[in-house]
Engineer: 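Below is a structure I'd like to ask you about.
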Number of protein chains: 2
Amino acid sequence: MKIDENIARHYNLTEEDIALTMSGYVPMKLKANDFFLQEGEVADYIGFVTKGLLRSYVYDDFANEITSDFFPENTLIISFDSFNNRVPAKEYIKAIEDSELMVISYEKQKELYQKIPAWNLICRDLADYKSREMIERAKKFQMMSATERYQNFCTEHPDLLQRTTLGTIASYIGVDIATLSRIRKKI
Amino acid sequence: MKIDENIARHYNLTEEDIALTMSGYVPMKLKANDFFLQEGEVADYIGFVTKGLLRSYVYDDFANEITSDFFPENTLIISFDSFNNRVPAKEYIKAIEDSELMVISYEKQKELYQKIPAWNLICRDLADYKSREMIERAKKFQMMSATERYQNFCTEHPDLLQRTTLGTIASYIGVDIATLSRIRKKI
DNA sequence: TAACGATTTTGACTTTTGTCAAATAATCAA
DNA sequence: TTGATTATTTGACAAAAGTCAAAATCGTTA
């Protein structure tokens, strides 16, 4: 969602387009454990993480927090479902570390969609990218053992190992925390 | 991708828009076991299944076919990745039953994107929908046991139980076929 | 620094799932 | 209809993963 030169060029954004886009974004600061979004709310903002780390999660039947995604710096937080369709969010999004974002409100984003047609295209491609990411994630569960999923996590997110708890990672890769502890010892 | 009245109204498509869209689509017939797309090819078509059933799959390290998705009638086959970005497909898409589709070529679809801006919006929403579907799929692996995944499959796709093999379903829900056979007996 | 809480590890055990091979059952084409 | 092929079930066993509870470790703050 950050408009860097490559994106601007790729989608043929004019200087005015970029200026208008920039004017819609505002900074947001969150302390660790602050919510960016809570289950049941309609997402008011989507945005880009410039600093820090957030995670999204849901609760399972036993009231355990199941982490569904991590948002470190330079990633987008696009709960398009809730944001675009104005429906209640199914997940919580909470800061793990003190974080800084650039966010845009629904009203402003709607303005961008209308005034800058390329924005529909950008968001189409973003949603497409997201869906491919999720296809890959599902495929990992489908085809990898718990050990392989952990190893894959380590290579894909080496930094997160230091920045969040084992329990959070365990729920993200769908493994019991005691089992994950043993997997780590074994490797 | 089928332009029914609701879609036309929702996206404010004019009569001409609809006529132009329709003119881009052509029927395609596939016999059982024919490929709609093969790994390594760039997707020439996206389309809508009007009759029959297809599936997408990849190969794992042991040359087993791992089914990633089913496409029964009234579903879209949108390998947006390969289609939009002109990159080689990662999966095979093959007809399980004799099938009929309405498909559109890349060139024609590009024309629609340009001449009918709403098409970018439609595809944005389709990609968004797809990403949510995949998020749900990943979440099922993350939070459900093999038995629960099978039960969920039965309620979500009751018809497919009759229309494809156990082995195909087993790979789709990520369970060994012998295990799935036992799960079925137990239930 | 001591003490508290949260996180991680460990032990002993159970349950779930996978593996391999053989036996049935079902399907399809000659 | 009959083989041949493919799909499914079953048995015996092994490996992977989960459960529960206790211990060890770590980090924070009073």
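Each chain gets a letter, A, B and so on, in the order the sequences are listed, and its residues count up from 1. In this text, all values refer to a predicted model and were calculated from it rather than measured experimentally.
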Engineer: Could you tell me whether the side chain of B:Arg182 has a donor or acceptor atom within less than 3.5 Å of a complementary atom in the base of D:dG11?
Structural biologist: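 Such a pair exists between side chain and base.
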Engineer: Starting at CZ of A:Arg184 and ending at C1' of C:dT7, how long is that distance when rounded to a whole Å?
Structural biologist: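 Nearest whole value for this atom pair: 11 Å.
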Engineer: For D:dT9 and B:Lys185 - does any side-chain N or O of the residue sit under 4.0 Å from the phosphate oxygens OP1/OP2?
Structural biologist: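 No, because none of the side-chain N or O atoms of B:Lys185 sits under 4.0 Å from OP1 or OP2 of D:dT9.
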Engineer: Is the phosphate of C:dT7, meaning OP1 or OP2, less than 4.0 Å from a side-chain N or O of A:Thr165?
Structural biologist: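 For C:dT7, neither OP1 nor OP2 has a side-chain N or O of A:Thr165 closer than 4.0 Å.
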Engineer: Name the closest nucleotide to the A:Thr179 side chain, picking from C:dG18, D:dG18, C:dT9.
Structural biologist: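 Among the listed nucleotides, the one closest to the side chain of A:Thr179 is D:dG18.
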Engineer: Let's see if you can work this out: which of D:dA17, D:dT8, C:dT17 has an atom nearest to the side-chain heavy atoms of B:Leu166?
Structural biologist: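 Looking only at heavy atoms from C-beta outward on B:Leu166, the closest nucleotide is D:dT8.
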Engineer: From the list C:dT10, C:dT17, C:dC20, which nucleotide is the closest neighbour of the side chain of B:Ala146?
Structural biologist: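 Output: C:dT17.
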Engineer: Could you tell me the separation between the CG atom of B:Asn64 and the C1' atom of C:dG18, rounded to a whole number of Å?
Structural biologist: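 The distance from CG of B:Asn64 to C1' of C:dG18 comes to 13 Å, rounded to the nearest Å.
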Engineer: Given ring-ring contact (aromatic ring centres under 6.0 Å, His included), test A:Tyr92 with A:Tyr59 step by step and report yes or no.
Structural biologist: CA-CA 9 Å; A:Tyr92 295 84; A:Tyr59 285 96; 5.7 Å; yes
Engineer: Go through the side-chain N and O atoms of B:Glu73 and B:Thr50 and say whether any donor and acceptor fall under 3.5 Å apart.
Structural biologist: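 No.
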Engineer: Reckon B:Ser181 has a side-chain N or O less than 4.0 Å from the OP1 or OP2 of D:dT9?
Structural biologist: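 Result: yes.
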Engineer: Taking the minimum atom-to-atom distance to the side chain of A:Ile177, which one of C:dG18, D:dT9, C:dT8 wins?
Structural biologist: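 My answer, after comparing the listed nucleotides, is C:dT8.
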Engineer: Just the rounded figure in Å: distance from P of C:dT16 to CD of B:Glu148.
Structural biologist: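 Taking atom P of C:dT16 as the reference, CD of B:Glu148 is at 11 Å.
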Engineer: On the ring face of B:Tyr172, is B:Arg137 found with NZ or CZ under 6.0 Å from the centre and within 45° of the axis?
Structural biologist: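 Yes - B:Arg137 lies over the ring of B:Tyr172, closer than 6.0 Å to its centre and within 45° of its axis.
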Engineer: In whole angstrom, give the distance that lies between atom CD of B:Glu97 and atom P of C:dT27.
Structural biologist: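 Atom-to-atom, B:Glu97 to C:dT27, this comes out as 14 Å.
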Engineer: In whole Å, what is the span from the OH atom of A:Tyr150 to the P atom of D:dA17?
Structural biologist: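 A:Tyr150 atom OH is separated from D:dA17 atom P by 15 Å.
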Engineer: Could you tell me the separation between the CG atom of B:Asp176 and the C1' atom of C:dA21, rounded to a whole number of Å?
Structural biologist: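 One finds 13 Å between C1' of C:dA21 and CG of B:Asp176, rounded.
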Engineer: From CD1 of B:Ile183 over to C1' of C:dG18, roughly how many Å is that when rounded to an integer?
Structural biologist: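 The answer, rounded to whole Å, is 11 Å.
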Engineer: Report the nucleotide, chosen from D:dT9, D:dA17, D:dT19, that has the shortest atom-to-atom distance to any side-chain atom of A:Ala178.
Structural biologist: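 It is D:dT19.
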Engineer: Answer yes if the side chains of B:Ser68 and B:Glu91 hold a donor-acceptor pair under 3.5 Å, and no otherwise.
Structural biologist: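 B:Ser68 vs B:Glu91: donor-acceptor pair found between side chains.
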Engineer: Flag yes if A:Val175 and A:Phe153 sit in one hydrophobic cluster, no otherwise; membership is Ile, Leu, Val, Met, Phe, Trp, Tyr, and two members link when side-chain heavy atoms are under 4.5 Å apart.
Structural biologist: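 Yes; A:Phe153 is reachable from A:Val175 via cluster members.
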Engineer: Check the distance between C:dT16's C1' and B:Ile173's CD1 and give it to me in whole angstrom.
Structural biologist: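 Value for this atom pair: 14 Å.
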